[in-house]
Amino acid sequence: MCGAVLLPGLDDPLCFGSFTSAGPDSKRQRALPIPGAIADMNTFTPDSSIASDVIPSANYGERADGRQPDMIVLHYTGMPDVEGAIAQLCTAGTEVSAHYVVLEDGRILQCVPESKRAWHAGVSCWAGEEDVNSCSIGIEIVNRGHDWGYPDFPLRQIAAVIALCRGIMLRRKVPSHRVLGHSDVAPARKKDPGEKFPWHSLANSGVGHWVQPAPIVPGNALKLGAISDAVTEMQTAFARYGYNIPVHGKFDGPTMDAVTAFQRHFRPARVDGIADQSTMTTLHALLASLPPDAAAPVVASAR
């Protein structure tokens, strides 16, 4: 038997567990681009039953203090081709890696065992936790990203992401609100997986935290340069959800970065870094639907 995932627009469910490397009868699959420098590295047994291949990365370490992962961070590769992306993630010296790579055709590669600390999040923070790599599993989704045209994510690819995340969540007991984007944990540096990523489809399949975004309507909004108690309240709300945002009452650059990241994930119809009524209503709905003990601690800082 296989796990099946059905998304709107696909006439048949995707079944995983029987993928192999490209064969002569497959029009959809092609040979995997294994970098020559790692072709002779020792492989390992994949953690996920739906991973079709293992391409081991040279870039990983031990999780700090034996930490077990309870977070999933989703990325896009942000490179013009899959060959370059896999080489970047797997070749020694690049200092980057991920546990999994999801190809456009739905195949899933594993590059780092889940028990190890992959180097995917970089300088990042969520809910006060600054070593995101030690507490997370990183999934790279093949997509050229904003710098290379940012195409839509194919339905087969999204179905594969859903199936992979569901398995990880079950094995690792990852709560829905800790399935995040790279831009959530590193809002000043990253945009991925971006506003085109269908978080709502994932949530419909039990992956990730989501509410229907509030409608965009005219009204008062907080923006860069504002200084007020309303800004403090807004910053407090974002920090409670988990964003690494200063709480000091001034709408500064880091505050705008966090608001922008939130919009990319939860209110993608308009990504402008302005805390309008739609953004704040959506944020408060998310906070209200968190488990009782899930809100992050808030630390006020000097203005």
Side-chain angles (χ1 to χ4, degrees), residues 72-79 121-127 132 139-154 157-158 161 176-204 207-226 230-231 233-247 250-287 289:
I72 297 172
V73 179
L74 302 181
H75 310 250
Y76 62 40
T77 52
M79 297 184 69
V123 178
S124 52
C125 182
W126 187 258
V132 171
I139 300 174
E140 288 278 356
I141 303 162
V142 173
N143 184 288
R144 295 193 301 275
H146 290 82
D147 292 341
W148 300 95
Y150 194 31
D152 292 335
F153 296 86
Q157 186 180 43
I158 295 303
V161 171
S176 290
H177 63 276
R178 286 177 70 83
V179 180
L180 302 163
H182 199 186
S183 59
D184 293 313
V185 302
R189 301 187 300 111
K190 296 296 181 178
K191 299 178 180 179
D192 57 314
E195 61 277 6
K196 287 186 177 182
F197 189 73
W199 289 102
H200 59 284
S201 294
L202 272 69
N204 288 341
V207 177
H209 190 206
W210 179 262
V211 297
Q212 184 64 29
I216 299 173
V217 296
N220 294 330
L222 298 170
K223 61 183 66 176
L224 191 65
V231 174
E233 293 172 4
M234 178 268 290
Q235 291 169 332
T236 299
F238 275 102
R240 285 185 61 224
Y241 194 72
Y243 285 91
N244 183 28
I245 187 171
V247 179
K250 180 178 180 179
F251 200 122
D252 56 7
T255 300
M256 185 174 181
D257 291 336
V259 174
T260 302
F262 176 86
Q263 291 170 337
R264 287 191 193 282
H265 186 154
F266 296 106
R267 209 286 306 272
R270 182 186 295 169
V271 180
D272 58 8
I274 296 173
D276 59 3
Q277 180 178 328
S278 166
T279 300
M280 296 309 301
T281 300
T282 303
L283 172 59
H284 285 295
L286 286 162
L287 283 168
S289 60

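Please read all numbers here as calculations on a predicted model, not as lab measurements. Atom set for the values below is all heavy atoms of this structure, side chains included, hydrogens, waters and symmetry mates excluded.
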To the nearest 0.5 Å, what is the distance between [atom1] ([X]) and [atom2] ([Y])?
{"X": "K196", "Y": "D152", "atom1": "NZ", "atom2": "CG", "result": "4.5 Å"}
{"X": "R189", "Y": "H182", "atom1": "CZ", "atom2": "NE2", "result": "5.0 Å"}
{"X": "R264", "Y": "H146", "atom1": "CZ", "atom2": "NE2", "result": "4.5 Å"}
{"X": "R178", "Y": "I72", "atom1": "CZ", "atom2": "CD1", "result": "10.5 Å"}
{"X": "L222", "Y": "Q235", "atom1": "CG", "atom2": "CD", "result": "9.5 Å"}
{"X": "L286", "Y": "T281", "atom1": "CG", "atom2": "OG1", "result": "11.0 Å"}

Just to verify, what does K223 make a salt bridge (Lys or Arg N to Asp or Glu O under 4.0 Å) with, not counting sequence neighbours?
none
With a 3.5 Å distance limit and no angle check, can you tell me whether S183 reaches the backbone of K190 through a side-chain donor-acceptor pair?
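No.
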Taking the side chain from Y76 and the backbone from F153, do they hold a donor-acceptor pair closer than 3.5 Å?
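Checking the backbone N and O of F153 against the side chain of Y76, no donor-acceptor pair under 3.5 Å is found.
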Walk me through whether F238 and V247 qualify under side chain to side chain contact (heavy atoms under 4.5 Å, CB included).
CA-CA 9 Å; F238 275 102; V247 179; over 6 Å; no
Do [X] and [Y] come within less than 4.5 Å of each other through their side chains, counting heavy atoms only?
{"X": "V231", "Y": "K250", "value": "no"}
{"X": "L180", "Y": "V132", "value": "no"}
{"X": "L283", "Y": "Y243", "value": "no"}
{"X": "V259", "Y": "I274", "value": "no"}

Would you kindly say whether [X] and [Y] are connected by a side-chain donor-acceptor distance under 3.5 Å?
{"X": "D252", "Y": "T255", "value": "yes"}
{"X": "D276", "Y": "T279", "value": "yes"}
{"X": "N143", "Y": "Y150", "value": "no"}
{"X": "T282", "Y": "R267", "value": "no"}

Plane angle bin for F197 and W199 - parallel if under 30°, tilted between 30 and 60°, otherwise perpendicular
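Taking F197 first and then W199, their aromatic rings stand perpendicular (interplane angle over 60°).
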Which heavy atom in [X] sits nearest to a heavy atom in [Y], and how many Å separate them?
{"X": "D272", "Y": "Q263", "result": "N-OE1, 2.9 Å"}
{"X": "A121", "Y": "S124", "result": "CB-OG, 3.4 Å"}
{"X": "H265", "Y": "H209", "result": "NE2-O, 4.4 Å"}
{"X": "I158", "Y": "L202", "result": "CG2-CD1, 4.0 Å"}
{"X": "I245", "Y": "A258", "result": "CD1-CB, 3.9 Å"}
{"X": "A275", "Y": "F251", "result": "CB-CE1, 4.2 Å"}

Do other residues, nucleotides or ligands put more than 12 heavy atoms under 6.0 Å from E195 CD?
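Above 12, so yes.
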